[in-house]
Amino acid sequence: MIIVLKPECSKEQLIAFKENLADTYGVKVNTWEGVHSTVLGLIGDTTTIDIDYISAQDIVDDVRRVQEPYKKANRKFHPEDTVIELSNGTKIGDGGLVLMAGPCSVESSEQVCEIARDVKASGAQILRGGAFKPRTSPYAFQGLKAEGLDLLKQARRETGLPIVTEIMRVSHIDMFENVDIIQVGARNSQNFELLKELGKLDKPILLKRGFSSTIEELLMSAEYIMAGGNDKVILCERGIRTYENYTRNTLDLSAVPILKSLSHLPVIVDPSHATGKSWLVESMSMAAVAAGADGLIIEVHNDPKRALCDGAQSLTPEQFDRVAKKVYGLKNYLTENE
Ligand code: PEP
Ligand code: MN
């Protein structure tokens, strides 16, 4: 962190300020005295320093971070990739490609079990499905809630596929005890109270990027979970809001290599919510794999036209089968030609 002091800062104020920084934050303070102003360089762990507090001091002219504000999610402090292993041995982030697939919402036992069997046969390793749905309209289908969780578990018993499903509030955490991966959706990406509580669990968390979150904000959300002790975080790029409205969101694929260089956490891509259009899912899935994604989360429905949620972006099981073949083919090619 670099702090530029105002020219009128006295010697006494400078000494007191430096002592305060060193005592409060345990950092080493280097000083450069120029003709017009003095510049301080803070060396050490500056993640806990509140930049607003520093800039509010009378003698401070400007303050800049030169180090990222996240530590636990930062590759600099944890160079090796984090690999998340599920209880059935499925690994996320080990250099392979993980496919998570299933309906936007769990609608019935037949629906989720049939889709689970189909996506498994196509090579998916994890079943997705929403039980609690964050819908823009209060009049839209809100999910089967607790019954939806039971149906997902039934599909897991029948197929052996681990399940990933979205949580929306802290008071539901106990209900998610037997869920393999808890999803935090785009709308809750900065629900810091929820993130803090999820940080107390020993369970993988799939953290989606908020519509308007920067890459750094997504990593700070991951940091909230990790600061509580849970380092099993999977980051998910699912498109951001831009002025382009042909697609539901704009898939920021450059976020994949950027996140992978800034952080050691696994990164997956959701081409379904990113585009909102089923015909774009295949090409964006291929592009995500080429960009280095550790996995994909794709919506699949046995009857997309009648889906209670997100039918337009859902693949049929046959379409998913084709996408799975193509992305695994591409992944194999990339691995062999590394
Ligand atoms: C979902 O995965 O069902 C979902 C609601 O996604 P997002 O939070 O990315 O909109
Ligand atoms: Mn959806």
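All ligand and atom numbering here is 1-based and tracks the order in the structure.
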Give a table of atom pairs where an N or O of ligand 1 lies under 3.5 Å from a protein N or O.
unit_1, atom_1, unit_2, atom_2, d
ligand 1, 2 (O), R128, NH1, 2.8
ligand 1, 2 (O), Q183, NE2, 2.9
ligand 1, 2 (O), K208, NZ, 3.0
ligand 1, 3 (O), R128, NH2, 2.9
ligand 1, 3 (O), K133, NZ, 2.8
ligand 1, 6 (O), K208, NZ, 3.0
ligand 1, 8 (O), A186, N, 2.7
ligand 1, 9 (O), K208, NZ, 2.9
ligand 1, 9 (O), R238, NE, 2.7
ligand 1, 9 (O), R238, NH2, 3.4
ligand 1, 10 (O), R187, NH1, 3.0
ligand 1, 10 (O), R238, NH2, 2.8

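Ion pair D81/R75 flagged as a salt bridge, since at least one NZ, NE, NH1 or NH2 atom sits closer than 4.0 Å to an Asp/Glu carboxylate oxygen.
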Please assess Q313 against R248 for the test side chain to side chain contact (heavy atoms under 4.5 Å, CB included), listing each intermediate value before the final yes or no.
CA-CA 9 Å; Q313 68 192 33; R248 184 174 179 183; 2.7 Å; yes
D180 and R156: CA distance, side-chain angles, deciding distance, salt bridge (charged side-chain N to carboxylate O under 4.0 Å, His left out) verdict
CA-CA 10 Å; D180 301 280; R156 177 173 62 189; 2.7 Å; yes
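Ordered by chain and number, C104 SG, H273 NE2, E299 OE2, D310 OD2 make up the set of protein N, O or S atoms under 2.8 Å of the Mn ion (ligand 2).
Between the S263 side chain and the K260 main chain, no donor and acceptor come within less than 3.5 Å of each other. Remark: side-chain polar atoms of E244 are paired, donor with acceptor, to backbone N or O of Y246 under 3.5 angstrom.
Screening N332, N337, L330 for a side-chain contact (heavy atoms from CB on, under 4.5 Å) with L334, the sole residue that qualifies is L330.
Nearest heavy-atom pair, E166 versus P134, reported as atom, atom and distance to 0.1 Å: OE2-CG, 3.4 Å.
Residues passing the side chain to side chain donor-acceptor pair (under 3.5 Å) test with N88 are T90, sequence neighbours excluded.
Legend: salt bridge (charged side-chain N to carboxylate O under 4.0 Å, His left out) pairs involving residues 206-228, not counting sequence neighbours, sorted by first then second residue: K208-D270, R209-E237, R209-D252.
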